[in-house]
Amino acid sequence: MTINAAISELASLLGERLTTSKSDRDIHGRSEVYYQPMPPDAVAYPETTEEVSALVEICARHDCPVVPWGTGTSLEGHALAAKGGVTVDFQRMNAVLQINDEDMDVRVQPGITRIALNEELRATGLFFSVDPGANASIGGMASTRASGTTTVRYGTMAQNVMGLEVVLADGRIIRTGSRARKTSAGYDLTQLFVGSEGTLGLITELTLKLQGQPEAVSAGICAFPDMHSAVNCVMTTIQMGLPMARIEFVDAATAQAFNTYSGTDTFPALPHLLVEFHGSEAAVAEQAERFGELVEDYGGSGFKSATRAEERNALWKLRHDGYYAILQAFKGYTAMSTDICVPISQLADAVTQAQKDIADSPLDGPILGHVGDGNFHAILMIDPDKPEDLREAKRLADRMVERALDAGGTVTGEHGVGMGKMKYMTREHGDAWSVMADIKRSFDPQNILNPGKMVQIN
């Protein structure tokens, strides 16, 4: 490996858009959670697919690792330079290339964020539906197969990415998929790259499915006496086929953190559901009324729908800021965010058992999640000066994972594998994990693309 030689050639290619400054390297060596800093040797800021191709070709010749970077909001260490090398920051590749409003699709570069994309789309009456909360880059969202608050209605990135442009480990540029809504032409390479976390290629362009802005939107919150009642209400709502656009859960500790963070008393110190309905005026009113009846059936209270955009936006801003609200409530602490997903019938048991484990532990761990699709998170708080806290957090996470897998679920519903979930992959996938490693070797025989993530390459 001759990283310095690669950096020298890249400086000739990119000029000032290749930096080895400590400040840039430090920024790209940090994560949102408990991982120690892992700065790269250099940071590149390409502006075109051709530059990315040339960059990767240079790095391949020098056996230099290449790590893609969107906005750095991933939670499993995906964008850390675990083996050093060059971080490729896509912030300058952030354009909307083509809006096809009649076909309800759009072509974008990977560095554009979801909020910026939806601002560009506002005048068309269309929107991009995947909403993980953080203002993540679209390329990063595709690379981790992200989902979020609207998944219960509109699907994950897997259902909303129609095609890709990708730079492979040898510098070749390929296109996958098309703008057609279905195809039977060959292997589905689009879905292979979606969720591959930059280990098979660098995404330089995406074609995305769009949705029409609904005629009417209604949102609301309601409190429950306990977690089991709230989660059972979710299960019944989903099983009845009530068409929710969003249905989110927060426990009492998270509700209190919301109040402190926002300086309001919106949330009593109880578990809550946050919901949203999309459709016609009549349909939304009917859905909200039926959901209110279910809330009462499960002992909930305080449900009322809000149709004014200002009220809805304030509600979802609180939910999107949930992670940061919790961190503020535990100043000086860092966090491990768990991410299991289970079949909807197993959700109540998974949540209540996780709550019991945390209550029996010395750690705090507020729980929240996208419960409409069986996905929830425990935010396990860790004192960075106490190694025993991290050990205990990992023990609690292990227990949640084991229960999720026993219930027919998965170790990660949306965060991805990165470095943090690799130890569970054999348990979930068995020999299929070694097949994933074979695919990685086929695409990247030198193991230069985001090494140390997703699969184990000896």
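In this chain, numbering begins with 1 at the start of the sequence shown.
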Does [X] have any side chain to side chain donor-acceptor pair (under 3.5 Å) partners at least two apart in sequence or in another chain, and if so, which?
X      : result
Asn118 : none
Thr334 : none
Thr237 : none
Asp251 : Thr254

Inset, instruction - Determine, using ring centers only, whether Phe291 and Phe303 are less than 6.0 Å apart. - result: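 Here the rings of Phe291 and Phe303 have centres that are less than 6.0 Å from each other.
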Legend entry - Centroid separation Phe127 to Tyr154 less than 6.0 Å: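 Ring-ring flag for Phe127/Tyr154: true, centres closer than 6.0 Å.
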Inset, instruction - Might you work through the side-chain contact (heavy atoms from CB on, under 4.5 Å) test for Val130 and Thr156, ending with a clear yes or no? - result: CA-CA 6 Å; Val130 183; Thr156 71; 5.9 Å; no
What's the separation between atom [atom1] in [X] and atom [atom2] in [Y], rounded to the nearest 0.5 Å?
X      : Y      : atom1 : atom2 : value
Leu208 : Met141 : CG    : CE    : 8.5 Å
Leu18  : Leu55  : CG    : CG    : 7.5 Å
Gln353 : Ile358 : CD    : CD1   : 12.0 Å
Glu165 : Thr49  : CD    : OG1   : 3.5 Å
Cys59  : Ile7   : SG    : CD1   : 8.5 Å

Inset, instruction - Taking atom CZ of Arg399 as the centre, report whether more than 12 heavy atoms of other residues, nucleotides or ligands fall under 6.0 Å from it. - result: no
Inset, instruction - Inspect the surroundings of CD in Gln36 and state if more than 12 heavy atoms from other residues, nucleotides or ligands are less than 6.0 Å away. - result: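 No, the 6.0 Å shell around CD holds no more than 12 heavy atoms from other groups.
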Without hydrogens or angle criteria, can the side chains of [X] and [Y] be said to hold a donor-acceptor pair below 3.5 Å?
X      : Y      : result
Thr204 : Gln109 : no
Tyr45  : Asp24  : yes
Glu276 : Trp316 : yes
Asn450 : His78  : no
Asn100 : Gln98  : yes

Inset, instruction - For the residue pair Tyr333 and Phe330, categorise the inter-ring angle as parallel (less than 30°), tilted (30 to 60°) or perpendicular (more than 60°). - result: perpendicular
Is there a donor-acceptor contact under 3.5 Å from the side chain of [X] to the main chain of [Y]?
X      : Y      : value
Arg145 : Val194 : yes
Thr260 : Ala257 : no
Ser137 : Gly140 : yes

Tell me which pairs pass salt bridge (charged side-chain N to carboxylate O under 4.0 Å, His left out) where either residue lies in [range], with sequence neighbours left out.
range            : answer
residues 110-133 : Arg114-Asp131, Asp131-Arg246
residues 32-52   : Arg17-Glu47, Arg17-Glu51, Glu47-Arg92
residues 203-219 : Arg107-Glu205, Arg175-Glu205
residues 316-331 : Glu248-Arg319, Lys317-Asp321

Legend entry - Salt-bridge present (Glu197, Lys453; N to O < 4.0 Å):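 No.
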Legend entry - Arg427/Glu402 under salt bridge (charged side-chain N to carboxylate O under 4.0 Å, His left out): CA gap, chis, key distance, verdict: CA-CA 9 Å; Arg427 171 75 167 84; Glu402 290 298 322; 3.1 Å; yes
Quick one: side chain to side chain contact (heavy atoms under 4.5 Å, CB included) partners of [X], sequence neighbours excluded?
X      : result
Thr338 : Ala378, Leu380, Ala397, Met400
Thr113 : Thr71, Ile115, Ala116, Asn135
Asn375 : Asp339, Cys341, His370, Asp373, His377, Glu414

Inset, instruction - I would like to know whether Glu310 and Arg308 meet salt bridge (charged side-chain N to carboxylate O under 4.0 Å, His left out); could you show each step before the answer? - result: CA-CA 6 Å; Glu310 296 84 354; Arg308 292 178 60 241; 3.7 Å; yes
Inset, instruction - Applying salt bridge (charged side-chain N to carboxylate O under 4.0 Å, His left out), name anything that partners Asp105, two or more places apart in sequence or on another chain. - result: Arg179
Looking at every heavy atom in both [X] and [Y], which two are closest together, and how far apart are they?
X      : Y      : value
Met336 : Ala393 : SD-O, 3.7 Å
Ala142 : Leu206 : CB-CD2, 3.5 Å
Val284 : Phe277 : CG2-O, 4.0 Å
Phe376 : Ala354 : CE1-CB, 4.1 Å

Inset, instruction - Apply side-chain contact (heavy atoms from CB on, under 4.5 Å) to Thr266 and Phe258, showing your working. - result: CA-CA 8 Å; Thr266 304; Phe258 281 176; over 6 Å; no
Inset, instruction - Could you walk me through whether Arg395 and Glu392 pass the salt bridge (charged side-chain N to carboxylate O under 4.0 Å, His left out) test, one step at a time? - result: CA-CA 5 Å; Arg395 185 189 73 82; Glu392 175 65 5; 2.7 Å; yes
Inset, instruction - Starting from the C-alpha separation in whole Å, work towards a yes-or-no answer on side chain to side chain donor-acceptor pair (under 3.5 Å) for Tyr424 and His429. - result: CA-CA 9 Å; Tyr424 303 126; His429 296 289; over 6 Å; no
Legend entry - Step-by-step side-chain contact (heavy atoms from CB on, under 4.5 Å) determination, Lys440 to Leu449: CA-CA 9 Å; Lys440 164 71 168 173; Leu449 297 181; 3.9 Å; yes
Legend entry - pair Asp444-Thr199: side-chain heavy atoms closer than 4.5 Å: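 When only atoms from C-beta onward are counted, Thr199 and Asp444 do not touch, as no gap falls below 4.5 Å.
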Inset, instruction - Quickly, which of Asp357, Asp398, Asp349 forms a salt bridge (charged side-chain N to carboxylate O under 4.0 Å, His left out) with Arg403? Name it, please. - result: Asp357
Inset, instruction - Please lay out, stage by stage, how Ile340 and Val411 fare under the test side-chain contact (heavy atoms from CB on, under 4.5 Å). - result: CA-CA 5 Å; Ile340 63 169; Val411 303; 5.7 Å; no
Inset, instruction - Evaluate the criterion side chain to side chain donor-acceptor pair (under 3.5 Å) for residue pair Asn232 and Ser229; output intermediate values, then yes/no. - result: CA-CA 5 Å; Asn232 276 324; Ser229 299; over 6 Å; no
